[in-house]
Student: 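Following this message is one structure expressed as structure tokens.
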Amino acid sequence: GEFSNLGEPVTENVVHDLRIQVCISGFLPLLAQLCVPQLSLSVRSEAAQVIRALCTQASTLQMFVASGGLSAMLLLLERNLDVHGELSSVALEGVMTGIDTLGQRYRYATCRRLVRGGFLPRAGACLDWIIDKRSSDSRFLDGIISSELALEKSPYHYELELLAVLLRILAERPDTDIKAAMAKPCVLDPMRRALQSATKHIVPISVTEALLSAVMDLSRDPATHGMLGSVEWIQTLANLLEMPSSGVLRVQQPILVTLHNVSMVSPQRQESITLAGVVPFLQRVIRANDLNLKVYALDMYAGLAFGATVRMLNVLWEHGGLQFYFELLAAPAASINRKWQVKMLGSVCDWLEKDGGRAEEILSCVENVRVMRELFEDWPSDSAEALIDAYRQLLRHSRRYSRVMEYSGVLELLLDRFLLSPSKPFIQVLVLRIVDLHLEHAASEPGAAAALALRLSLAPVLQHILSLAPAVTVTDLATQLMKKLRAMLTQQQMEHQLAALPLPYRSGDASANGNVRSDEGVLLTTSSRAESVPGDGEDGCDILANSPSIAMIRGKTVLFGAGGAGVGASDSGALARTEEEAQFLLALDAFNIDLDEELQTMRSSGAGDSRAVDSSTPHLSSSAPRGASAGEACTVGTLLDDAQSNAALSAATGAATERSEARDLDVQSEYSDWSD
């Protein structure tokens with residue numbers, strides 16, 4: 001209170017001047033030496049009291065730190081607070097005051113000096129001792145001290161709170177060396193034990209928030225994921241989510257951010273998070289539409305099944321994880337990012353690959369099929385390649401799903417929006433590959449591939465694409481697809497297709513002039529004395545689309561093949577009963593046949609003078625040679641049995657193939673000459 005030799009009250013100015021004199025007199029380096037553990041506790045306690053007095057003013061504190069006082073204060077931080085409680089309190093107060101006094105400008109340098117001075121191991125040991133002390137206290141175990149007010153008044157609460165705040169300040173620094181020093185067992189293990197104690201109400205909520213914030217900042221550095229991604233840490237954080245007090249945003253957000261950071265680069269950590277029981281929490285957060293948490297929850301959940309193990313898929317299945325993906329895919333575009341929806345489709349694809357039986361049931365539901373169609377309807381055209389590629393992967397992994405989606409309208413939508421409309425070449429290639437997958441999967445059922453191609457008018461679509469002279473990759477793929485269509489359209493497939501169609505025209509007995517009639521169809525005339533058939537076009541017939549392969553006689557479809565005049569088989573080995581089927585075969589024939597040459601062949605062979613009684617038939621011979629006269633072609637149109645018809649049609653198809661190969665060789669030869 002008073003100076004003994006002056007006999008007057010001590011004012012603040014007098015004390016301040018005295019402290020300044022002590023600092024500039026060279027006493028501070030000696031004071032720092034009195035803090036070493038080798039000295040007695042009483043000496044260290046007196047030195048601690050002087051340090052506490054010097055730390056109350058910014059000017060004296062700065063001079064003490066400049067004299068090595070920061071390292072001296074760290075020497076006062078001891079593990080056993082029962083014995084060294086006063087020393088540890090002075091050390092923690094001094095460090096905290098120093099950080100606050102020096103300000104943000106010098107905070108980064110101060111934190112680095114603390115780490116180099118050995119603060120972290122001492123702080124970890126002190127925190128571990130406090131948790132052990134509280135865990136063994138019966139008052140905490142029996143629930144006597146459980147409320148926040150009681151915890152704040154409990155022993156060593158002040159030191160516990162200072163330790164948590166200092167660890168948070170250090171973790172906030174964007175420094176790899178600081179984070180690497182904190183990501184050691186001597187620091188993280190006491191922090192994990194403290195967070196585990198929070199579930200038992202041993203640690204107050206303020207300390208829990210500070211420690212979780214420190215863990216969240218540490219998780220931003222990939223170097224810390226090895227420790228924070230352990231099963232023990234993930235389980236600890238997952239348990240905190242289920243606490244009644246975890247409804248506080250300051251607790252949930254750092255936990256979710258930490259789990260998000262450590263799991264996004266490791267499938268093993270994703271499995272640990274799934275098995276720890278975080279899936280229901282993620283679903284609740286996404287449905288609650290909390291913008292502070294939904295971003296991290298969506299990003300985590302979207303890729304949770306991507307590369308998932310069987311155990312992960314079983315856990316997700318228990319919580320309706322696959323159906324929840326479609327619930328998110330059906331969400332409005334304003335409430336969910338497109339990149340997350342693509343990521344979800346990737347997860348569904350992986351699920352389908354590893355657990356196809358259960359996944360196909362969900363994917364094939366009418367509601368989920370509708371969701372996929374609406375997704376393609378609303379998706380922006382300029383960024384559709386990611387969605388189309390994800391959809392292609394789904395089709396590639398499931399034949400059943402591919403067959404279901406044939407009738408969903410998605411295929412027609414793809415052709416209309418992304419193939420026939422101006423699009424990027426890469427998008428057009430993806431659409432053509434999807435069409436190829438559908439045809440490949442439909443080929444497992446007789447006639448299904450041809451029916452699909454007819455329904456989509458696929459050959460005219462491909463011919464239109466080729467006429468636009470697209471990119472080389474699109475041209476090559478469309479050409480390959482056209483050739484595959486020709487190969488698929490075999491005699492057996494088309495006969496199966498035609499057998500399901502009603503016969504629109506039927507006739508009676510055979511006539512005397514050589515016209516052959518039957519209840520299964522009507523052939524062209526076999527008489528060499530055939531009369532001209534009246535028609536709207538030249539030579540008594542209408543040529544559809546300027547093609548010699550299809551002619552309309554008396555309003556009925558008749559096909560002319562390449563092997564001779566007046567035959568009922570096209571180069572593809574198929575027949576047509578309706579104009580739609582005739583147009584489809586027309587596109588195939590026109591792609592590989594010289595139209596002018598075939599037109600001259602048909603007319604010179606007397607096809608225009610042939611006579612159609614009523615309709616085409618699936619049993620016509622094509623045995624007449626090219627260029628034969630009307631008299632030599634008298635066997636054309638003879639009614640054959642199935643075996644003879646198959647042989648005749650195979651011969652026609654073989655002839656067309658030989659001409660096509662010959663043309664390809666001519667083109668290659670011309671290209672070689674031009675290159676030379």
Side-chain angles (χ1 to χ4, degrees), residues 263 266-268 270-275 278-280 282-283 298 300-331 339-376 379 385-411 413-414 430-449 451-452 484 488:
S263 66
S266 173
Q268 292 79 11
Q270 285 184 340
E271 180 178 10
S272 300
I273 289 175
T274 304
L275 300 179
V278 182
V279 174
L282 295 178
Q283 294 177 345
L298 271 174
M300 288 179 61
Y301 194 86
L304 209 54
F306 191 80
T309 61
V310 177
R311 291 197 300 171
M312 290 179 63
L313 295 180
N314 290 335
V315 173
L316 288 170
W317 182 265
E318 292 176 2
H319 298 286
L322 186 55
Q323 183 58 43
F324 189 69
Y325 277 127
F326 283 93
E327 181 180 333
L328 297 177
L329 291 174
K339 69 174 184 179
W340 288 328
Q341 291 182 323
V342 172
K343 197 173 181 181
M344 291 171 195
L345 286 176
S347 295
V348 173
C349 182
D350 266 31
W351 197 322
L352 185 62
E353 181 182 6
K354 297 175 182 176
D355 190 11
R358 294 189 297 185
E360 285 177 344
E361 295 293 334
I362 301 296
L363 267 68
S364 302
C365 292
V366 177
E367 186 65 22
N368 294 336
V369 171
R370 181 186 61 81
V371 168
M372 289 299 300
R373 176 179 172 81
E374 292 177 353
L375 202 62
F376 279 99
W379 202 276
E385 56 266 25
L387 175 64
I388 298 175
D389 189 49
Y391 177 68
R392 183 180 67 88
Q393 296 298 331
L394 288 175
L395 299 179
R396 188 171 63 88
H397 286 103
S398 176
R399 184 184 301 272
R400 175 184 173 185
Y401 185 63
S402 175
R403 297 308 311 277
V404 169
M405 296 304 292
E406 286 179 11
Y407 306 96
S408 65
V410 172
L411 197 51
L413 195 61
L414 287 173
L430 290 176
V431 173
L432 290 175
R433 288 178 178 174
I434 288 176
V435 173
D436 191 10
L437 280 173
H438 276 293
L439 291 175
E440 180 181 345
H441 292 159
S444 60
E445 179 181 344
L452 178 62
K484 182 175 289 189
M488 284 183 179

Student: Assign the ring pair Y391 / H438 to parallel, tilted or perpendicular, where the plane angle (0 to 90°) is split at 30° and 60°.
Tutor: tilted

Student: Short question: side chain of Y301, backbone of G321 - any donor-acceptor pair under 3.5 Å?
Tutor: yes

Student: Please round to the nearest 0.5 Å and tell me the distance separating atom SG of C349 and atom CZ of R392.
Tutor: 9.5 Å

Student: May I ask you to say whether R396 pairs ionically with E353, meaning some side-chain N is under 4.0 Å from a carboxylate O?
Tutor: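 A salt bridge is absent here (no side-chain N lies under 4.0 Å from a carboxylate O).
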
Student: Tell me whether the count of non-hydrogen atoms from other residues, nucleotides or ligands lying under 6.0 Å of CZ in F324 goes above 12.
Tutor: yes

Student: Exactly one of L414, V435, I388, L387 should register a side-chain contact (heavy atoms from CB on, under 4.5 Å) with L430. Which one does?
Tutor: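 The side-chain contact (heavy atoms from CB on, under 4.5 Å) with L430 is passed solely by I388 among L414, V435, I388, L387.
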
Student: Please round to the nearest 0.5 Å and tell me the distance separating atom CG of N314 and atom CG of D355.
Tutor: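 Those atoms lie 7.0 Å apart.
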
Student: Quick one: CD on Q323 to CG on L316, what's the gap to the nearest 0.5 Å?
Tutor: 13.5 Å

Student: Report, as yes or no, whether the 6.0 Å neighbourhood of atom CZ on R400 holds more than 12 heavy atoms from other residues, nucleotides or ligands.
Tutor: yes

Student: With rounding to the nearest 0.5 Å, note down the distance linking CH2 in W340 to OG in S347.
Tutor: 14.0 Å

Student: Given side chains that start at C-beta, do those of L345 and L375 come closer than 4.5 Å, heavy atoms only?
Tutor: yes

Student: Using a 4.5 Å cut-off on heavy atoms from C-beta on, say whether the side chain of Q283 contacts that of L328.
Tutor: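 In short, these two side chains do not touch, never coming nearer than 4.5 Å.
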
Student: Distance check, rounded to the nearest 0.5 Å: M300 atom CE versus I273 atom CD1?
Tutor: 4.0 Å

Student: For S398 and L394, indicate whether the former's side chain and the latter's backbone hold a donor-acceptor pair under 3.5 Å.
Tutor: no

Student: What's the separation between atom CG in L452 and atom CD in E406, rounded to the nearest 0.5 Å?
Tutor: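 Nearest 0.5 Å value for the CG-CD distance: 5.0 Å.
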
